[in-house]
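Shown next, in structure tokens, is the structure this report addresses.
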Amino acid sequence: MQIFKVQRKETKPFSSINNKTESIAFKGALTRIAQKTPNVSSDMMRALKGVHIREKGFVGIFPQEFLQAIRNNLGSSVSRQKIKESVEGTKAAFSKAAKLFEEIEKLTLENIDAQVNKLDLNKSLDILKQRLELSLSPNLNKIEKWEKKIRKLVLPNKDIIHQVEKNASEILEKELKKNNVLSESARVVVKRLDNGKFGTAYKISFLDEKNQKLFKDKVMKYYKKSDYITKLDVLNKYNTNLNLKDAELIHLNYDKVVSSVGKMFDLFIKKGLKDGPILKHKVLSQIDMVKNMPMDEFVSNLNRRIQGQKISAESKYGINKEANFGNYIRKNIGHNLQHTDLVQYHYTDLNSNYALLDFSNSKTLGSVRSSVDYKSLGIENTDMALNFVDNRLIDYGGFITNNPILSNNPVSRRIYKKIKQINYKNSETETMERIAKFNELYDKAIKNKLPQSSDVLIGLDEAKLLIPENKRHLLYINKDM
């Protein structure tokens, strides 16, 4: 069987590509499981944490900058055990800081409870109206500003937040010096950045006596617990969930609710709300259903719906899924992330409820030179519009699996990437090079000359979509069909 082939340059084998930030030091079973596939459910991650107790909830890789500093400060002849003690002590220091951040969450929960108790029917309808008005705008930033406004409403006062920042700075500075990461003249500065729905970000800077950065700035993301998120949703009132208090208000004030909602939608229809009449009928029908539904039946239906939404959210957000995606991307992307449009993820402590990432700053990370190829990993991000800072995606929430073949099968994924990484400025040359490599692999796989040949063929079946349609007839896989 003959096929036209162009003269090919020697290409670097896929197996030789290394993630230079990766270290095998202190990597446990929990990390290896999270790296293998992005499809580890939140429930499974929680269960695995209980099984692999030796890891103490640690998932990921200890930052190489810290590890190198420990080695430098201890000297070349130091034992591995001594290095490990410093690593464990450093992780414990961040856990102590996380405990302080938890105090802010507890105070916020108390404020949420107080605000929820103040809600009445008019307030609920007013918030709903504002949220629906925002939904008319394609500008997602307006919606994010609205959500931030609600979250800000329930935060403790600034003096408490500043004191927590100061205490966290002191703890990290003291413990990192004790554990050979920092010299005696170094300083640590912690600054709260943002209060998101699923977590709060804190920037951590490591400075010498001249205020020069010793390491790249880090972000410590403290994750909020489910009771915080649930109560905040009640306060927001914008996710169309009807809770028990809503039901009681509708029963007591049925005519007023119908009149208010009807007028609201009439206004939106005049503004050009797409499918306004249909939506109006749907919402009023739901209100009617609540009016006529026995209270116990309503509560039962509500609980099922909330549970369904919780499962949906946990498939993309929260500490367990973000630890899974962070480790999966880091392990399988095949290169250092520093100059890409995604910040580097380091590790998650599932027990202490935080993750450690790089802070997005072109001055310390350098300019963005390339975009992360999520498609080759069988995943995509649904939250990019709201989570870019300084040209980088700063958050590992919002990822979903969109190609189970590539995300679940490492051999097929490697073969797909092997074809995709063949790049030339001349598109015709690139296509013919890809076809040549494709046919070379196909010929070996079909003759069982490659390990796991069936998985190689599955990967090639995915990779044929990388070839322009008008050239696919040159692929052996199509000639054998």
Side-chain angles (χ1 to χ4, degrees), residues 30-49 59-60 135 138 140-141 143-144 147 196-199 201 221 223-224 226 229-230 233 238-241 305-334 337 340-345 347-348 350 355 357 360 370-389 392-410 412-414 416-417 420 458-459 461-463 465-466:
L30 196 55
T31 299
R32 289 193 291 271
I33 292 169
Q35 289 175 341
K36 190 173 182 180
T37 171
N39 298 311
V40 183
S41 70
S42 293
D43 286 340
M44 179 60 73
M45 188 68 81
R46 280 189 283 266
L48 289 168
K49 182 184 72 171
V59 194
S135 70
L140 292 175
N141 287 324
I143 297 174
E144 176 65 11
E147 295 177 356
K197 180 176 180 181
F198 294 92
K221 181 175 180 180
Y223 288 90
K224 293 168 182 174
S226 59
I229 296 168
T230 301
D233 277 343
Y238 59 64
N239 60 355
T240 67
N241 286 343
R305 185 165 57 182
I306 289 175
Q307 185 62 28
Q309 290 179 342
K310 180 182 177 184
I311 292 170
S312 176
E314 283 196 341
S315 69
K316 296 192 292 183
Y317 305 101
I319 190 168
N320 294 294
K321 280 313 299 181
E322 292 178 38
N324 184 195
F325 276 107
N327 280 279
Y328 173 74
I329 293 170
R330 176 174 180 149
K331 175 66 176 178
N332 295 288
I333 198 62
L337 288 170
T340 70
D341 58 354
L342 176 66
V343 297
Q344 178 69 64
Y345 163 89
Y347 72 84
T348 300
L350 298 175
L357 309 94
S360 181
S370 62
S371 296
V372 173
D373 181 16
Y374 300 117
K375 188 173 182 180
S376 292
L377 302 180
I379 62 176
E380 67 175 304
N381 189 281
T382 59
D383 274 0
M384 283 195 177
L386 296 174
N387 287 314
F388 259 78
V389 173
R392 285 178 169 88
L393 183 63
I394 61 168
D395 196 84
Y396 280 75
F399 279 102
I400 60 171
T401 299
N402 64 359
N403 187 324
I405 292 175
L406 295 180
S407 62
N408 282 327
N409 191 321
S412 299
R413 182 168 64 244
R414 187 179 72 244
Y416 179 91
K417 292 175 69 175
K420 192 169 186 178
I458 292 171
D461 192 51
E462 290 292 315
L465 299 177
L466 299 172

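- With rounding to the nearest 0.5 Å, the separation of CG in L357 from CD1 in I394 is 9.5 Å.
- Contact detail for G397 and N381: the closest heavy-atom pair is O-ND2, 3.3 Å.
- The shortest non-hydrogen separation linking F325 to I379 is CE2-CG2, 3.8 Å.
- Counting non-hydrogen atoms of other residues, nucleotides and ligands closer than 6.0 Å to NZ of K36 gives a total of 12 or fewer.
- Counting only distance, with no hydrogens or angles, the side chain of T340 and the backbone of L342 share a donor-acceptor pair below 3.5 Å.
- Annotation for T37 and N324: closest pair O-ND2, 2.8 Å, computed over non-hydrogen atoms.
- Listed for the N320 side chain is no donor-acceptor partner under 3.5 Å among the backbone atoms of S41.
- Heavy atoms only, all atoms of each residue included: Y345 and A355 are closest at CE1-CB, 4.5 Å.
- Panel note: side chain R413, backbone S407; a donor-acceptor pair is recorded below 3.5 Å.
- No donor-acceptor distance shorter than 3.5 angstrom exists from the side chain of K49 to the backbone of L30, with no hydrogens or angles considered.
- Distance CD1/I405 to CD/E462: 4.0 Å, rounded to 0.5 Å.
- For the residue pair Y374/S371, the side-chain donor-acceptor check at 3.5 Å is not satisfied.
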Q: Verify side chain to side chain contact (heavy atoms under 4.5 Å, CB included) between V343 and Y396, making sure each step is shown before the conclusion.
A: CA-CA 9 Å; V343 297; Y396 280 75; 4.3 Å; yes
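- N332 and Q35 share no donor-acceptor pair across their side chains, judged by distance under 3.5 Å alone.
- Expressed to the nearest 0.5 Å, how far OH of Y223 lies from CD of E322 amounts to 3.5 Å.
- Rounding to the nearest 0.5 Å places OG1 of T348 at 8.0 Å from CE of M45.
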Q: Show your reasoning for whether side chain to side chain contact (heavy atoms under 4.5 Å, CB included) applies to F399 and T382.
A: CA-CA 6 Å; F399 279 102; T382 59; over 6 Å; no
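- Residues R392 and S360 share a closest heavy-atom pair of CB-OG, 3.4 Å.
- We find the OG-NZ distance between S376 and K420 to be 4.0 Å, quoted to the nearest 0.5 Å.
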Q: Run the numbers on R330 and N327 for side chain to side chain contact (heavy atoms under 4.5 Å, CB included), then give the verdict.
A: CA-CA 5 Å; R330 176 174 180 149; N327 280 279; 5.6 Å; no
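- Side-chain atoms of T401 never come within 3.5 Å of backbone atoms of P404 as a donor-acceptor pair (strictly under, hydrogens ignored).
- From Y416, atom OH reaches atom NZ of K375 across 4.5 Å, with rounding to the nearest 0.5 Å.
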Q) Which is it for V372 and L337 under the side chain to side chain contact (heavy atoms under 4.5 Å, CB included) test, yes or no, and what are the steps along the way? A) CA-CA 8 Å; V372 173; L337 288 170; 3.8 Å; yes
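- The pair D395-K221 counts as a salt bridge, with a side-chain nitrogen and a carboxylate oxygen less than 4.0 angstrom apart.
- When all heavy atoms are compared, the tightest approach of Y328 to L406 is OH-O, 3.8 Å.
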